[in-house]
Amino acid sequence: MFTRTSSLAALAAVATLTACGDGNGLADAERGAAGDAAAAGRIECALAGGTDFQRVCTTETLAGEKGRMLVIRHPDGGFRRFDILTDGRGLAPADGFDETTIKILEGGMIEAKSGDDAYRLPAAIKGAEEKPAAK
């Protein structure tokens, strides 16, 4: 009974969002949910060469040698560290071992690929082309 009620409530919420605004209510809700999850420290990632993005990685921001640093932790205990750049390039690998590229996605998101791992993060976008990250 609880599951059915929750499912019906979720469908009603989606129907309400879709009925309002410019027809992109669901996309707006998904972007909002992604932003809320990222603010809570959870982001989507596809690890070890996978292509299925799941919201299972966690993030934290720390003070680093070159300014602020983003640490992305994998559910298996692995992690990657990135320097947060303020010049519009996004992120740079703090350890510098793997090539990292940044791809601009829709909805104020970027996809950072480093080695075999990829992460989707909210970002303030200054340009619209794919760029190699600084080293």
Side-chain angles (χ1 to χ4, degrees):
M1 180 77 166
F2 177 74
T3 303
R4 182 178 175 97
T5 304
S6 296
S7 297
L8 291 174
L11 286 174
V14 169
T16 302
L17 287 171
T18 304
C20 297
D22 60 0
N24 290 325
L26 183 57
D28 291 340
E30 288 173 348
R31 278 192 295 276
D36 291 346
R42 289 196 134 350
I43 62 163
E44 291 182 349
C45 55
L47 305 174
T51 57
D52 183 28
F53 280 84
Q54 297 180 11
R55 197 175 312 267
V56 295
C57 289
T58 58
T59 63
E60 63 182 303
T61 304
L62 306 170
E65 295 174 12
K66 301 176 187 175
R68 292 187 326 146
M69 179 181 295
L70 176 69
V71 179
I72 300 177
R73 298 191 186 280
H74 304 170
D76 66 0
F79 66 93
R80 291 204 186 258
R81 299 181 320 148
F82 298 93
D83 292 320
I84 299 172
L85 306 176
T86 58
D87 61 1
R89 293 179 292 157
L91 302 171
D95 301 319
F97 295 116
D98 290 319
E99 181 178 337
T100 298
T101 58
I102 306 294
K103 179 180 176 183
I104 311 264
L105 304 175
E106 292 181 0
M109 300 287 287
I110 62 170
E111 183 174 298
K113 285 189 172 188
S114 189
D116 289 340
D117 302 322
Y119 312 97
R120 292 186 178 157
L121 305 151
I125 311 292
K126 292 186 180 181
E129 68 273 359
E130 186 169 331
K131 303 176 185 180
K135 291 191 179 188

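Everything numeric here is computed off the predicted structure, so don't read it as measured data.
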Is D83 salt-bridged to R68, cutoff N-O under 4.0 Å? no
Hey, could you give me the CG/CD1 distance between L121 and I110, rounded to the nearest 0.5 Å? 5.0 Å
Quick one: list whatever passes salt bridge (charged side-chain N to carboxylate O under 4.0 Å, His left out) with R73, sequence neighbours left out. E60
Sequence neighbours excluded, the answer for salt bridge (charged side-chain N to carboxylate O under 4.0 Å, His left out) partners of D52 is none
F53 ring centre to R120 NZ or CZ under 6.0 Å, with the angle to the axis within 45°? yes
When rounded to the nearest 0.5 angstrom, what distance separates CD in E111 from OH in Y119? 11.5 Å
Point-to-point distance, once rounded to the nearest 0.5 Å, from CG of D117 to NE2 of H74: 4.5 Å
pair T59-V71: side-chain heavy atoms closer than 4.5 Å: no
Pairwise side-chain contact, L47 with Q54, heavy-atom cut-off 4.5 Å (strictly under): no
Out of curiosity, does F82 fall in the hydrophobic cluster containing I104 (side-chain heavy atoms, cut-off under 4.5 Å, transitive links)? yes
Side chain to side chain contact (heavy atoms under 4.5 Å, CB included) evaluation trace for I84 with T61: CA-CA 9 Å; I84 299 172; T61 304; 4.0 Å; yes
Shortest non-hydrogen pair, D98 vs G115, comes out as CB-N, 3.6 Å
Within the 4.5 Å heavy-atom criterion, are L91 and I102 side-chain neighbours or not? yes
Test log, rule side chain to side chain contact (heavy atoms under 4.5 Å, CB included), inputs F79 and I72: CA-CA 5 Å; F79 66 93; I72 300 177; over 6 Å; no
